[in-house]
Amino acid sequence: MRYLNSNLEYLKQKNFIIYNEIKRRTFKYDKINNNKFNIINTRDGYKTIEVNYDSENIRLNSIYSPKKEAERWAKKFDDIRKITSLVMYGLGNGIFFDELKMKIDNNAHIFFYEPNIDLFIFILYNFDLKNVLSDERTELFIKDINDIDLYIELCRKINWTMIPTQLVCCHPVYDRLYKEQYRKFIHIIEEYRYAMKISGNTSVEFAKKFTLNTIKNLEFIEKSNYIGDFEGKIGENIPIIIVAAGPSLDKNIDELKNAERKSIILATDSAVKTLMEHNINFDAIVTIDGNKYIEKFEGNYCENIPVFTIPDAKYELLKQNKGRKIWITGQNFYTGIYKKYGYDFPEYISGGSVATAAFSVAKILGLQTIILVGQDLAYNGDITHSGQRIIEGKHIEQKEIYIDGIYGEKVKTKQDWLRYLQWFGNIIAQMDRNINVIDATEGGAKIRGTKIMKLTDAIDDYCKSKFEFKKFIADLPVTFSKEEYNSFIQDVSHFVKELDIVYNEALLGKNAAMRIMFALNNNMILDKQDDLKIISEVKDTIQRQKVYTLLDEYISADVAERFEIVNKMYLNKYEEEYENFKSTEILFDALMKAVGDLKPAVENVIEKM
C-alpha cells in the first residue's frame with residue numbers, strides 16, 4: 001500500500017478510464033492472496049519483482065544491480081541520435097525507462113503497453129511511478145482496459161516523417177513472460193508502420209497536387225458546411241447506411257430501394273456507378289481522394305447531390321458537382337481558418353480509405369444505427385468490386401492472406417484491406433455500446449464488433465421513420481454568414497502577403513546556412529552565432545505564418561530523403577554539422593520554390609471568391 005494511493009492520484013490525472021478500472025480492481029485485489037508476484041531485495045539495495053511463471057520464478061531485474069543492468073540495456077540504443085517517439089512493451093518498475101528517458105526528445109510521444117493488469121497493479125502497490133505517471137509525454141495502454149486504442153493513437157500522433165526517429169523496444173523479460181500478447185503487440189506495430197508507409201508514399205507522390213487541391217477548394221467555402229453543423233441535428237433513431245463497392249453489393253443492392261427516405265444512404269465514391277445503374281436514390285457521396293477519376297461523379301443524379309469531403313480532395317471532381325460540400329475535417333489548414341470564427345471540427349480519425357471516412361462521418365453524426373453494405377474487405381474469386389470489376393492498385397500484393405469470413409469460412413484479402421478491417425474493429429470497440437453497427441454486406445470478411453444481418457432484415461428492423469435528407473440539407477444554413485465570409489476573403493488575401501514573407505525569410509535563412517557551410521568546407525574559423533540566430537529567427541517567423549501548414553505539406557517530397565540523413569550517426573562532428581546545415585539550406589530552398597508555385601494558385605482562387 002506504500003505507493004498505491006500516490007500512484008493512483010497521478011494515474012487519475014493521466015487517464016481517468018484506466019484509473020477507474022484500476023481502482024475497481026484494487027478493491028478486489030486487496031482480498032486476494034496473490035502468489036504470482038513477490039518483492040525481492042537486490043544486493044545493491046534496489047527492489048525487483050519475482051514472477052511465478054509456469055512453475056518457474058522469473059525476476060524482472062538483475063539480483064545484483066538493476067541500475068547497472070538498465071544502463072547496459074539502454075546503451076544498446078546509443079546509435080539513435082534523437083528519439084521522437086517511444087513505444088515500449090512492459091514498464092516493469094520503471095528503472096529501464098529511467099535510463100532510456102535521457103535519450104528521448106523533450107517533445108516526444110511515449111507509449112507503454114502493459115500486457116498483464118495484475119502485474120501492473122502489483123507494481124502500483126510497490127513502486128513509485130511518479131516519474132512515469134506525471135510525465136506529460138507518456139500514455140498507458142493496459143490489456144483488458146484500453147489496449148485496443150494503441151493502434152489508433154499511434155496513427156493519430158506519429159506520422160510517417162517521425163518513423164526514422166521512433167524506438168520500439170521491450171522490457172528485457174516481458175516478451176518471455178507474456179509471449180502471446182507480445183506477438184499481438186508486434187502485429188499492431190507492423191500494421192501501424194505499414195499504414196504509415198502507405199501514407200508516406202502517398203504524401204510524397206501526391207503532396208504537391210493535394211496542396212494545390214486544398215487551395216483551389218477554398219472556392220467552395222461560401223456555400224459549404226463543416227460537419228460540426230450536423231451534430232445533434234438528425235434524430236438518433238434515423239439509421240445511416242454506408243454503401244461501399246465490395247463484390248457482395250451485387251447481391252443485395254436492390255434492397256436499398258426499401259430504405260429510401262427512411263434512412264441516410266451514404267455512398268462511397270467507388271459505389272456511385274453501381275448505385276446509379278440500379279436507380280438507387282442515395283442521399284450523399286463521400287470522396288476523399290485527391291487523385292480520383294473525375295468520371296466517378298458523371299451523370300445527372302450526381303450533379304446536385306451533397307458531398308462529404310476533405311480539403312485536399314480532387315478539385316475538378318468537386319467543381320463538377322454542384323451540390324452542398326460538407327468538410328469532414330479541416331486538415332490543419334482549414335481547421336485554423338474555421339477556428340478563428342468559432343467553428344471547431346469534431347475529432348476525425350482517418351482510416352485511409354473512403355469507406356473508413358464514411359464510417360467516421362456516421363460516428364460524428366451521432367446516430368444510433370450504422371448499417372454497412374458492400375463492405376467486403378475481401379475478394380470474391382478474383383473480383384474486388386461490385387459490377388464484377390477487378391481493380392487493383394499499382395502495388396499488387398503477392399502474398400495471399402486468408403482471414404475469417406462472416407459465415408465462418410476463410411476468405412482471401414490483401415494487406416490494405418486487412419488494415420482497414422483492423423481500423424473498423426478498433427473504432428467500433430471504442431464506440432458507445434448503445435450504437436448498433438450492423439454488417440449487412442452478406443459476404444466478405446468478418447468485422448469485429450458488428451452484428452451480422454441480411455440487408456432486408458436490417459431495413460425492416462431499423463428503417464421505420466420517414467426522413468428526407470434532401471430537405472434537411474435544403475433547410476440547413478451554410479456555415480459562414482455573409483459577414484464572416486467577407487472577412488474570410490480578407491484572410492485568404494492576406495495569405496499572399498504571408499507567402500512573400502516566407503520567401504524573403506527563407507532567402508535570409510538559406511544564405512546564412514550557405515555561409516556556415518562555406519566556412520566548414522574551407523576550414524575557416526567563423527563565429528557562427530550571428531548566422532545561427534538568423535536561422536532560428538527565420539524558422540520562427542516562417543512557422544508563425546498561417547500558410548506554413550500548406551507549404552510544409554507541399555515540400556514533403558522535396559525534403560523526404562533528408563529525414564533519413566539528418567538522423568543517422570556521423571563519423572565526426574564536422575560531418576554531422578555540415579549535413580545539418582545542408583538540410584537547412586535544402587529546406588529553405590524548397591520553401592522558396594513552393595512559394596513560387598503556390599502564390600499564383602492563391603491569387604487565382606481569390607479572384608474566383
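Index from 1, following the sequence.
- Judged by distance alone, with hydrogens and angles left aside, the side-chain atoms of Lys14 form a donor-acceptor pair with the main-chain N or O of Asp135 at under 3.5 Å.
- Between His494 atom NE2 and Lys546 atom NZ the span is 7.5 Å, to the nearest 0.5 Å.
- By the ring pair (Phe, Tyr, Trp, His ring centres under 6.0 Å) test, Phe345 pairs with Tyr226, Tyr338, sequence neighbours left out.
- Looking at Asn426 and Arg448, their side chains do bring a donor and an acceptor atom within 3.5 Å of each other.
- Under 3.5 Å, the side chains of Ser353 and Thr356 contain a donor-acceptor pair of N or O atoms.
- Side-chain atoms of Asn321 come within 3.5 Å of backbone N or O of Ile305 as a donor-acceptor pair.
- Ion pairing of Glu442 with Lys454 is present here, as a side-chain N (NZ or NE/NH1/NH2) and a carboxylate O approach within less than 4.0 Å.
- Here the closest heavy-atom approach between residue Gly443 and residue Lys251 is recorded as CA-NZ, 4.0 Å.
- Smallest separation of non-hydrogen atoms from Ala355 and Thr268: CA-CG2, 4.0 Å.
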Go through the steps for Lys325 and Leu318 under the test side chain to side chain contact (heavy atoms under 4.5 Å, CB included), then give the verdict. CA-CA 8 Å; Lys325 312 295 189 297; Leu318 297 184; 3.8 Å; yes
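- Lys339 has a carboxylate O that lies under 4.0 Å from a charged side-chain N of Asp344, or vice versa, which qualifies the two as a salt bridge.
- By the 30° and 60° cut-offs, the orientation of the rings of Trp327 relative to Tyr334 is perpendicular.
- Between Ile22 and Leu11 the shortest side-chain heavy-atom distance falls below 4.5 Å.
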Can you list the steps and then say if Tyr548 with Phe333 is a ring-ring contact (aromatic ring centres under 6.0 Å, His included)? CA-CA 9 Å; Tyr548 173 70; Phe333 185 58; over 10 Å; no
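- Proximity of a side-chain donor or acceptor of Ser263 to a complementary backbone N or O of Ile241 within less than 3.5 Å is not detected.
- Smallest separation of non-hydrogen atoms from Leu377 and Thr413: O-OG1, 2.9 Å.
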Take Phe112 and Val87, measure what side chain to side chain contact (heavy atoms under 4.5 Å, CB included) needs, and give me the verdict at the end. CA-CA 6 Å; Phe112 291 108; Val87 191; over 6 Å; no
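- For Lys464 (side chain) and Asn237 (main-chain N/O), no donor-acceptor pair under 3.5 Å exists by modelled atom type.
- Taking the ring pair (Phe, Tyr, Trp, His ring centres under 6.0 Å) definition, one finds that Tyr19 meets it with Phe16, sequence neighbours left out.
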Show your reasoning for whether side chain to side chain contact (heavy atoms under 4.5 Å, CB included) applies to Tyr113 and Met88. CA-CA 6 Å; Tyr113 184 100; Met88 186 169 178; over 6 Å; no
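- Here the side chains of Ile370 and Ile438 are not in contact, with every heavy-atom distance at 4.5 Å or above.
- Salt bridge annotation for Glu219-Lys319: present, with a cationic side-chain nitrogen under 4.0 angstrom from a carboxylate oxygen.
- For the residue pair Tyr89 and Gln181, no side-chain donor N or O sits within less than 3.5 Å of a side-chain acceptor on the partner.
- Using a 30° and 60° split on the angle between ring planes, Phe480 and Tyr341 fall in the perpendicular class, above 60°.
- Using modelled atom types and a 3.5 Å distance limit, the side chains of Glu484 and Tyr343 yield a donor-acceptor pair.
- Between Leu418 and Leu421, the closest side-chain pair of non-hydrogen atoms falls below 4.5 Å.
- Within the 4.5 Å cutoff, no side-chain heavy atoms of Ile288 are placed close to those of Thr309.
- For the pair Gly330 and Thr335, the tightest heavy-atom approach, listed with the atom from each and the gap, is CA-OG1, 3.2 Å.
- Counting non-hydrogen atoms of neighbouring residues, nucleotides and ligands closer than 6.0 angstrom, the CD1 atom of Ile17 reaches no more than 12 such neighbours.
- Under the 3.5 Å distance criterion, the side-chain polar atoms of Asn332 are left unmatched by any main-chain donor or acceptor of Thr549.
- Separation of atoms OH (Tyr10) and OG1 (Thr138) is listed at 12.5 Å; rounding is to 0.5 Å.
- With values rounded to the nearest 0.5 angstrom, Ile452 atom CD1 is found 13.0 Å from Asp457 atom CG.
- Between the Asn217 side chain and the Ala313 main chain, a donor and an acceptor come within less than 3.5 Å of each other.
- Proximity of Trp417 to Asp376: side-chain heavy atoms (C-beta onward) are nowhere separated by under 4.5 Å.
- Taking the charged nitrogens against the carboxylate oxygens, Glu190 and Arg193 have no contact shorter than 4.0 Å, which rules out a salt bridge.
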Show the numbers, then the answer: is there a ring-ring contact (aromatic ring centres under 6.0 Å, His included) between Tyr554 and Phe210? CA-CA 8 Å; Tyr554 191 80; Phe210 290 176; over 10 Å; no
Please test Phe424 against Thr450 for side chain to side chain contact (heavy atoms under 4.5 Å, CB included), starting from the C-alpha separation and ending with a verdict. CA-CA 9 Å; Phe424 275 111; Thr450 61; over 6 Å; no
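- Between the side chains of Ser386 and Asp250, no donor-acceptor pair of N or O atoms lies under 3.5 Å.
- Counting all heavy atoms, side chain and backbone alike, Gly352 lies closest to Arg419 at CA-NH1, 4.5 Å.
- Scanning all heavy atoms of the two residues, the minimum distance from Val605 to Lys216 falls at CG2-O, 3.8 Å.
- The CG atom of Asn146 sits 12.5 Å away from the CD1 atom of Ile152 when rounded to the nearest 0.5 Å.
- Between the side chain of Asn225 and the main chain of Ile227, no donor-acceptor pair closer than 3.5 Å is present.
- Between the side chains of Thr479 and Asp229, a donor-acceptor pair is found at a separation under 3.5 Å.
- In this structure, Leu218 and Phe488 have side chains that are in contact, with non-hydrogen atoms separated by less than 4.5 Å.
- Note: Asp460 CG to Glu255 CD = 8.5 Å, rounded to the nearest 0.5 Å.
- Under the rule for a salt bridge (charged side-chain N to carboxylate O under 4.0 Å, His left out), the partners of Lys412 that lie at least two apart in sequence or sit in another chain are Glu400.
- More than 12 non-hydrogen atoms from other residues, nucleotides or ligands lie less than 6.0 angstrom from NZ of Lys157.
- A 4.5 Å side-chain heavy-atom check between Phe220 and Arg324 finds every atom pair outside the cut-off.
- Glu114 places no side-chain N or O within 3.5 Å of a backbone atom of Phe120 that could act as its donor or acceptor partner.
- In Glu136, the CD atom is not crowded: 12 or fewer heavy atoms of neighbouring residues, nucleotides or ligands sit closer than 6.0 Å.
- With hydrogens and angles disregarded, no donor-acceptor distance shorter than 3.5 Å links the side chain of Asp404 to the backbone of Lys410.
- Between Ile371 and Ile240 there is no side-chain heavy-atom pair separated by less than 4.5 Å.
- Not a single donor-acceptor pair under 3.5 Å links the side chain of Thr287 to the backbone N or O of Asp269.
- Atom NZ of Lys451 is surrounded by 12 or fewer heavy atoms from other residues, nucleotides or ligands within 6.0 Å.
- Using a 4.0 Å cut-off between a side-chain N of Lys or Arg and a carboxylate O of Asp or Glu, Asp491 and Lys340 qualify as a salt bridge.
- Residue-environment remark: NZ (Lys446) stays at or below the threshold of 12 foreign heavy atoms within 6.0 Å.
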